[in-house]
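Everything below concerns the one structure shown next.
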Amino acid sequence: MVKELAENSLDAGSTQISVEVRGGGVSLIKVTDNGTGIPSGEVEFAFDRYATSKIGDLDDLESISSLGFRGEALPSIAAVAQIDMTTCADGEKAGTHLGLEDGAIANRRRQGRSQGTTVTVLNLFRKIPARLKFLKSVATENSHIANVVSQYALAFPEVKFSLSIDGRVALRTPGSGKLLDSLVEVYGAEVAGNMIELRGEAAVPRVTGMVGLPRVSRSGRGYLSFFVNRRWVNSRMLARAVEEAYHGLLMVGRHPMAVINISLPTKEVDVNIHPTKSEVKFSNERAVFSAVYRAVRQALAEQIPVPHVEAASKPVFPSAVREAASPAYVGASSDLSPSPPTPTTALPVLRVLGQLDNSYIIAEGPDGLYLIDQHAAHERVLFEKIERQRSQQEIEVQGLLEPVPLEVSPRQEAELWSHYQDLAEFGFAIEPFGGKTFLVRAVPAILHDRDWAGMLRELLDSLSEEDKSNWTEAVTSSMACHSAVRAGGALTDSEMRELVRQLEQAATPHTCPHGRPTMIHLSFGQLKKDFGRP
Ligand code: ADP
Ligand code: MG
């Protein structure tokens with residue numbers, strides 16, 4: 001009911017909508033707006049079944065631009081509750097008050113009010129106790145109501161929404177027209193600050209809105225909002241498009257936050273396929289899917305440094321760094337040949353050709369083809385970076401807003417007791433909290449939006465399993481592994497180029513920290529041989 005009433009207010013062009021509920025909506029639902037109002041002579045029509053002012057002819061049915069169009073909401077509400085409407089249209093001196101009981105008009109009078117409409121629903125299902133039983137608890141109904149109003153507040157940032165639940169202000173948006181302002185009210189400033197805007201390129205369909213950085217991911221899909229021509233809809237297909245775009249950026253079981261607006265010609269979407277109008281059918285599903293996927297992927301790729309971009313002070317020409325970093329170059333200076341021999345560890349400059357199976361980067365070098373395992377390669381790059389930063393005490397630390405309790409198993413606890421202070425040099429601030437709980441106050445920045453708790457547990461397990469003599473290496477490789485891009489994650493061209501550039505600069509580019517190869521090389525000579533060329 002709250003959804004239908006709010007939609008009516010939006011269809012009436014309101015810029016202010018206030019919703020008041022009591023008793024989970026059973027005692028009272030009151031929606032007040034400043035929209036067009038209904039002229040005195042037409043108020044009764046609003047309660048006639050199938051009467052709507054929003055469809056003029058058959059053609060209108062083919063391209064519906066209003067949220068309501070069936071003329072069913074008000075008569076249906078009137079059938080199960082007491083309903084009062086006070087409304088005043090533009091140019092009228094006084095408004096109209098209409099009271100309905102048991103679906104029939106009980107009273108009508110002139111009543112003063114400014115332009116707009118107030119609908120009050122009282123004593124829901126009083127005469128139908130069987131239906132009352134199907135309502136959830138007051139708290140649950142309240143949370144559904146808050147969600148509906150929140151969704152429309154996100155869809156219509158230019159409308160001032162207010163929601164009061166049992167006399168308490170639950171939501172109030174400024175109506176500034178900026179999605180970010182609505183997001184701050186709905187999800188809080190902390191989350192809103194971690195959302196990035198989609199570019200909203202002019203295209204059909206046009207996709208605008210904001211999406212969350214991976215660090216504000218959620219454990220459910222309840223934070224994915226989709227609006228098609230400003231209608232709030234549920235869609236598995238759209239949810240999948242967004243989640244695909246986050247591929248490789250979120251841990252398994254985590255879901256992104258997003259507010260996605262899709263605009264397309266009304267003829268290309270059928271809104272009349274679902275009883276509550278909350279599902280729609282696109283005439284070209286594929287086009288919508290890929291438009292949403294691309295918009296989200298592009299915004300993420302532009303804003304998230306995956307892999308992390310090194311400081312600009314690094315030499316542009318990769319071999320210069322290799323000379324300094326690679327132990328294999330020791331002695332190379334005594335070689336008198338004009339160009340130094342290529343040490344076995346060095347990697348030539350590679351040209352990225354593409355990505356295979358979202359897991360391997362295909363690149364061309366002067367001497368053949370390279371197939372690079374993106375996860376292993378990134379692990380190698382990060383391993384050396386973490387090692388470098390740790391030895392210079394330059395690990396970037398990210399403080400947590402609130403200390404996070406870390407629960408560990410008895411075995412892990414024993415390890416953590418002996419190591420928690422040593423973890424400080426890697427960027428972890430951990431302290432015992434009693435029992436098997438430790439408090440984590442800060443984590444290495446590269447792990448901030450990753451599963452650092454999982455990383456710590458794995459590390460502790462590996463320490464207790466085998467007597468790891470090289471503690472520093474164990475922590476470093478565990479951190480690298482957990483912050484590296486995963487296999488199965490789509491990378492943009494620039495992400496791949498950046499990763500390959502960093503690998504070219506690595507001291508030991510050919511293996512990951514665990515000793516597994518980062519790449520497979522197929523020389524042109526080998527290729528010729530395989531193709532049987534002389
Ligand atoms: P529908 O929205 O499908 O047209 P409803 O039963 O929800 O059907 O509303 C019936 C009619 O009442 C609407 O077509 C509209 O003309 C009028 N109406 C309802 N609520 C409002 C409102 N808040 N402001 C202006 N007109 C309204
Ligand atoms: Mg309606």
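Counting starts at 1 for both ligands and their atoms, following the listed order.
- The protein atom (non-hydrogen) at minimum distance from atom 25 (C) of ligand 1 is Ala12 CB, 3.6 Å.
- Taking every heavy atom of Gly68 and a limit of under 4.0 angstrom, the matching atoms of ligand 1 come to 2 (O), 3 (O).
- Ligand 1 has at least one atom lying under 4.0 Å from a heavy atom of Pro75.
- In terms of polar-atom proximity, Ala73 is counted as a contact of ligand 1, with an N or O under 3.5 Å from an N or O of the ligand.
- Annotation: side chain of Glu20 is in contact with side chain of Leu28 (closest heavy-atom distance under 4.5 Å).
- Of the protein's non-hydrogen atoms, the one nearest atom 21 (C) of ligand 1 is Asn8 CB, 3.9 Å.
- Between Glu4 and ligand 1, a contact under 3.5 Å exists for no N or O pair.
- Among protein heavy atoms, atom 4 (O) of ligand 1 sits closest to Thr52 OG1, 2.5 Å.
- Looking only at heavy atoms of the protein, atom 2 (O) of ligand 1 is closest to Lys54 NZ, 2.6 Å.
- Atom 3 (O) of ligand 1 has Gly71 N, 2.7 Å as its closest protein atom, hydrogens excluded (heavy atom only).
- Counting heavy atoms from C-beta outward, Phe227 and Val233 have side chains that stay 4.5 Å or more apart.
- For atom 23 (N) of ligand 1, the nearest non-hydrogen atom of the protein is Asp33 OD2, 2.9 Å.
- Proximity of Phe428 to Pro444: side-chain heavy atoms (C-beta onward) are separated by under 4.5 Å at one or more points.
- Using a 4.5 Å heavy-atom cutoff, the side chains of Arg486 and Leu250 are not in contact.
- Evaluated by nearest non-hydrogen atom to atom 16 (O) of ligand 1, the leading choice among Ser53, Ser9, Ala6 is Ser53.
- For the pair Phe161/Val149, a side-chain contact is recorded, criterion being any heavy-atom separation below 4.5 Å from C-beta on.
- Nearest residue to atom 10 (C) of ligand 1 from Ser76, Gly13, Ala46 is Ala46 (criterion: closest heavy atom).
- Salt bridge annotation for Arg240-Glu244: absent, with no cationic side-chain nitrogen under 4.0 angstrom from a carboxylate oxygen.
- The option from Ile77, Ile17, Leu74, Thr36 that lies nearest to atom 6 (O) of ligand 1, judged by heavy atoms, is Leu74.
- Residue contact annotation: Thr52 places no N/O/S atom under 2.8 Å from the Mg ion (ligand 2).
- For atom 27 (C) of ligand 1, the nearest protein heavy atom (residue, atom name, distance) is Ile38 CD1, 3.6 Å.
- Here Phe125 and Phe134 keep their ring centres 6.0 angstrom or further from each other.
- A salt bridge does not link Glu268 with Lys281: none of the charged nitrogens is closer than 4.0 Å to a carboxylate oxygen.
- Contact atoms of ligand 1 toward Glu72: 6 (O), 8 (O) (distance under 4.0 Å to a heavy atom of the residue).
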